[in-house]
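Throughout, protein chains are lettered first and strands after them, A, B, ... in sequence-line order, and every chain is numbered starting at 1.
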Number of protein chains: 2
Amino acid sequence: MFKVTKKAEYGLRAMIILAKNFKSKQLVSVREISNKEKISFDFLEKIISQLEKAKIIKGSKGVNGGYSLTKSPNNISVRDIVNILEEFDRISNCPFCPRNKKCIAKNAWVKINASLAKALEQIKLSQLMR
Amino acid sequence: MFKVTKKAEYGLRAMIILAKNFKSKQLVSVREISNKEKISFDFLEKIISQLEKAKIIKGSKGVNGGYSLTKSPNNISVRDIVNILEEFDRISNCPFCPRNKKCIAKNAWVKINASLAKALEQIKLSQLMR
DNA sequence: ATAATATCAGACAGAATTAGTCTGCAATAA
DNA sequence: TTATTGCAGACTAATTCTGTCTGATATTAT
């Protein structure tokens, strides 16, 4: 239906919170984020885990453990996050479809994909912290 | 998963074919489009029907019947089509979410939605006919 | 050392959406 | 009047989404 999934929406919210704590180097636990953002703990844990595998955040186990960004919020775009959680940052796979190399619609989707990628790329986490 | 549905992809392809036949005022049947574009006839019929209800195309029954655009391909954008078939042309409903008026992520999705809408709007059917 | 806390991993499942299929009626042209 | 085409809607298999649940592992505080 043309929408980002909850995964990406929750993931972005979580990343913004981590961004806020980047300077102080404070770890934030999944439980804290879950409470603050009213996101299911179990579900959020899986999302966070996926972000960690992509090495955009890092986890520390044990009491007072939690997560932190591995790089500055200036260098993390919404596109980075979406790419990890959605596997695609494209609206349409049409440009990559093997059906017909001269597909009449391909041109449109190529352009639209590019515009979207650019829009996602331009927004950095640092802009969303305030 | 962040993608337009087949409905929108098929719908756009169908609309491009109708656009090609706009000048000659020739009707094109669902069967013809289905054959040419290798799209399931039954499924395509439903898509076309939805486009007709939105009055962006018009159907004529009977032998040698078919469909035609109700206005010039210059005045039909990809956004028009997507809006009809997907019900939304936004990537995220976050900006419209009642959860939290000061949601930290809202800003991002507002901008991304706007960029996408603009990209969809800018591409007219007339550009895709060649 | 032990208990508490937190990450980490993966199986499982209900609900929703997608992508069609199938049946039949209605209108029109040959 | 018959073949063709649009038109309408019920139905369904498959997939994806949005979680839940169980348990293991690592680390820290006591």
Side-chain angles (χ1 to χ4, degrees), chain A residues 1-11 13-14 18 21 26-35 37-68 70 82 85-88 91-94 97 99, chain B residues 1-14 18 21 26-35 37-70 82 85-88 91-94 97 99:
Chain A
M1 223 218 268
F2 212 84
K3 280 188 296 191
V4 279
T5 58
K6 292 292 177 195
K7 233 165 100 172
E9 287 196 358
Y10 294 165
R13 303 230 300 269
L18 293 180
N21 289 273
Q26 276 211 313
L27 299 178
V28 189
S29 70
V30 176
R31 184 68 66 187
E32 283 177 85
I33 301 174
S34 153
N35 286 338
E37 290 294 317
K38 312 267 186 268
I39 298 170
S40 149
F41 171 78
D42 286 316
F43 191 34
L44 183 60
E45 211 175 31
K46 234 167 46 173
I47 295 169
I48 294 277
S49 186
Q50 209 173 331
L51 290 166
E52 201 209 15
K53 272 178 192 151
K55 296 183 178 164
I56 201 169
I57 61 176
K58 188 176 171 356
S60 299
K61 291 185 180 181
V63 179
N64 293 329
Y67 290 90
S68 59
T70 55
V82 162
L85 297 175
E86 301 275 359
E87 299 177 28
F88 301 111
I91 262 320
S92 168
N93 283 334
C94 168
C97 158
R99 187 188 61 91
Chain B
M1 225 219 269
F2 212 83
K3 280 188 295 192
V4 277
T5 58
K6 293 292 177 195
K7 233 165 100 173
E9 286 196 357
Y10 295 165
L12 177 59
R13 303 227 301 268
L18 293 180
N21 289 274
Q26 277 213 313
L27 299 178
V28 189
S29 69
V30 176
R31 184 69 66 187
E32 283 177 85
I33 301 175
S34 153
N35 286 339
E37 291 293 318
K38 311 266 186 270
I39 299 170
S40 149
F41 171 78
D42 286 317
F43 191 34
L44 183 60
E45 212 175 29
K46 232 166 50 171
I47 295 168
I48 294 277
S49 187
Q50 208 172 331
L51 290 166
E52 201 210 13
K53 272 178 193 151
K55 294 183 179 165
I56 201 169
I57 61 176
K58 188 176 170 357
S60 298
K61 292 184 180 180
V63 179
N64 294 328
Y67 289 90
S68 58
L69 300 185
T70 55
V82 162
L85 297 174
E86 302 275 359
E87 298 177 28
F88 300 111
I91 260 325
S92 168
N93 283 334
C94 168
C97 158
R99 187 187 60 90

TODO: Could you check which of C:dA26, C:dA9, D:dA26 has an atom nearest any side-chain atom of A:K53?
DONE: C:dA9
Open item on the list: Go nucleotide by nucleotide along DNA chain D from the 5' end; which of A:K7 and A:N64 gets its closest nucleotide reached first?
Closed with: A:K7
Task: Nearest listed nucleotide, side chain of B:S49, among C:dT7, D:dT18, D:dA8 - done: D:dA8
Open item on the list: Rounding to an integer number of Å, can you tell me how far B:L51 CG sits from D:dA8 P?
Closed with: 13 Å
TODO: For A:S92 and B:V4, indicate whether the former's side chain and the latter's backbone hold a donor-acceptor pair under 3.5 Å.
DONE: no
- [ ] Would you name the heavy atoms of B:I57 and B:I48 that are closest together and state the gap between them?
- [x] CD1-O, 3.5 Å
- [ ] Provide, to the nearest angstrom, the distance between the NZ atom belonging to B:K61 and the P atom belonging to D:dA8.
- [x] 7 Å
- [ ] Determine the minimum heavy-atom distance between A:G65 and A:S29, stating which atoms define it.
- [x] O-CB, 4.0 Å
- [ ] Using whole Å, report how far CD of B:Q50 lies from P of C:dG20.
- [x] 15 Å
TODO: Please report the shortest heavy-atom distance between B:E86 and B:T5, naming the atom on each side.
DONE: OE2-OG1, 2.7 Å
Task: DNA chain D contacts among residues 39-47 of chain B, heavy-atom distance under 4.0 Å - done: B:E45, B:K46
- [ ] Take A:L18 and A:I33 through the test side chain to side chain contact (heavy atoms under 4.5 Å, CB included) and record every step on the way to the result.
- [x] CA-CA 9 Å; A:L18 293 180; A:I33 301 174; 4.2 Å; yes
Task: Side chain of B:V63 (C-beta onward), nearest among D:dT4, D:dG6, C:dA4 - done: D:dT4
Task: Separation of D:dT16 C1' from A:K3 NZ (nearest whole Å) - done: 14 Å
Open item on the list: So which atom in A:S34 and which in A:I39 form the shortest heavy-atom distance, rounded to 0.1 Å?
Closed with: OG-O, 2.9 Å
Task: Integer-rounded Å distance: D:dT5 C1' and B:I33 CD1 - done: 13 Å
- [ ] Mind listing the closest non-hydrogen atom pair of B:L44 and B:A14 along with its distance?
- [x] CD1-CB, 4.2 Å
Open item on the list: If I take atom NZ in residue A:K6 and atom C1' in nucleotide D:dC17, what distance separates them, rounded to the nearest angstrom?
Closed with: 11 Å
- [ ] Ignoring backbone atoms, establish whether A:Y67 has a side-chain N or O less than 4.0 Å from OP1 or OP2 of C:dA6.
- [x] no
Task: Separation of atom CG in B:L27 from atom C1' in C:dA29, rounded to whole Å - done: 12 Å
TODO: Quickly work out the B:E52 CD to D:dG6 C1' distance and round it to whole Å.
DONE: 8 Å
